[in-house]
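Working notes, beginning with the structure itself.
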Amino acid sequence: MIIWIIGLSGSGKTTIGKIIYNKLRNKNKNTIFLDGDELRKIWGNDLGHEITDRKENAKRILKLCEFLDKQKINVICSILSIFPNIQKQARSKFKKYFQVYLEAPINILATRDKNRVYKKYYKKQIKNVVGLDIKFPKPYKSDLTLKSYGKNTPSYLAKKIVLKIKLKW
């Protein structure tokens with residue numbers, strides 16, 4: 001199964017993905033967690049954040065998921081995923097595919113800003129920030145859209161995801 005968790009920086013993709021991974025890993029040893037930022041590091045940070053580089057990164061992630069899926073490895077993948085055509089490809093490639101969109105307003109995300117992306121953008125130190133100067137299109141046919149703010153804690157959202165895909169904690 002591929003669990004594809006989409007959202008802007010600060011939406012909780014990594015935190016929620018790790019919670020799901022830790023719960024599922026206990027019962028399904030053939031489970032792996034992939035994070036977009038970590039994959040960039042693994043691949044040597046050879047890509048920037050311009051649209052063309054982001055698209056190449058998305059293709060790499062899709063190919064890696066395909067490779068793992070063929071080996072019957074469950075994948076929890078937390079990524080920005082700004083290309084609806086890549087999301088369509090993922091949905092068509094994988095028999096067991098579940099897409100989650102974590103939704104939160106930019107003003108809330110900017111207060112979380114663990115990676116200092118928004119702070120650097122507003123100080124004009126960086127550009128190519130998704131949700132600000134790069135459009136974040138609504139994800140293609142998400143199976144579940146969750147508000148990742150307010151009283152919705154990461155644990156609560158992770159549990160909702162697992163219950164929705166009918167996996168047991």
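- Side-chain contact check for Leu132 versus Tyr122: some heavy-atom pair is nearer than 4.5 Å.
- The hydrophobic cluster containing Ile73 also contains Ile42, counting ILVMFWY residues as joined when their side-chain heavy atoms lie under 4.5 angstrom apart, directly or transitively.
- In this structure, the side chain of Thr153 engages the main chain of Tyr156 through a donor-acceptor pair within 3.5 Å.
- Hydrophobic cluster membership differs between Ile16 and Tyr149, with clusters built from Ile, Leu, Val, Met, Phe, Trp and Tyr side chains linked at under 4.5 angstrom.
- Minimum interatomic distance between Leu62 and Lys93 (heavy atoms only, all atoms of both residues): CD2-CE, 3.9 Å.
- Taking the side chain as every heavy atom from C-beta outward, Leu39 and Ile61 approach each other to under 4.5 Å.
- A donor-acceptor contact shorter than 3.5 Å is absent between the side chain of Asp133 and the backbone of Lys127.
- A heavy-atom distance below 4.5 Å is found between the side chains of Glu66 and Phe94.
- For the 3.5 Å distance criterion, the side chains of Ser11 and Glu103 fail to qualify, holding no donor opposite an acceptor.
- Residues Asn74 and Leu24 are not in side-chain contact: their nearest non-hydrogen atoms beyond the backbone lie 4.5 Å or more apart.
- Between Asp143 and the options Arg91, Gln99, Lys164, a side chain to side chain donor-acceptor pair (under 3.5 Å) holds for only Arg91.
- Here the side chains of Lys159 and Leu163 are in contact, with some heavy-atom distance below 4.5 Å.
- Side-chain atoms of Thr15 never come within 3.5 Å of backbone atoms of Gly12 as a donor-acceptor pair (strictly under, hydrogens ignored).
- Under the 4.5 Å side-chain heavy-atom criterion for Ile, Leu, Val, Met, Phe, Trp and Tyr, Leu80 and Leu102 are members of distinct hydrophobic clusters.
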Side chain to side chain contact (heavy atoms under 4.5 Å, CB included) between Asp37 and Ile79: does it pass, once the steps are laid out? CA-CA 8 Å; Asp37 291 336; Ile79 54 173; over 6 Å; no

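- Closest heavy-atom contact between Asp46 and Trp43: OD1-O, 3.4 Å.
- In terms of heavy-atom proximity, Ser9 sits nearest to Val117 at OG-CG2, 4.0 Å.
- Transitive grouping of hydrophobic side chains (ILVMFWY, heavy atoms separated by less than 4.5 Å) keeps Phe98 and Leu68 in distinct clusters.
- By the salt bridge (charged side-chain N to carboxylate O under 4.0 Å, His left out) test, Lys41 is found to be paired with Glu38, residues two or more places apart in sequence or in another chain being considered.
- A donor-acceptor distance shorter than 3.5 angstrom exists from the side chain of Lys13 to the backbone of Leu8, with no hydrogens or angles considered.
- Without hydrogens or angle criteria, Asp53 side chain to Leu47 main chain gives no donor-acceptor distance under 3.5 Å.
- Using a 4.5 Å heavy-atom threshold, the side chains of Tyr140 and Ile6 count as separate.
- Side chains of Ile134 and Arg54 form a contact here, defined as non-hydrogen atoms less than 4.5 Å apart.
- Residues Phe33 and Ser78 meet the side-chain proximity criterion, which asks for heavy atoms closer than 4.5 Å.
- Pairing each heavy atom of Leu146 with each of Lys160, the nearest pair is CD2-CE, 3.9 Å.
- Although no hydrogens or angles enter the test, the distance criterion places no donor-acceptor pair under 3.5 Å between the side chain of Asp113 and the main chain of Leu109.
- Follow the hydrophobic side-chain contacts under 4.5 Å out from Leu144 and you never reach Ile2; the two are in separate clusters.
- Taking each heavy atom of Lys55 and Asn85 in turn, the nearest pair found is NZ-ND2, 3.4 Å.
- Across all their heavy atoms, Ile82 and Ile51 have their closest contact at CD1-CD1, 4.1 Å.
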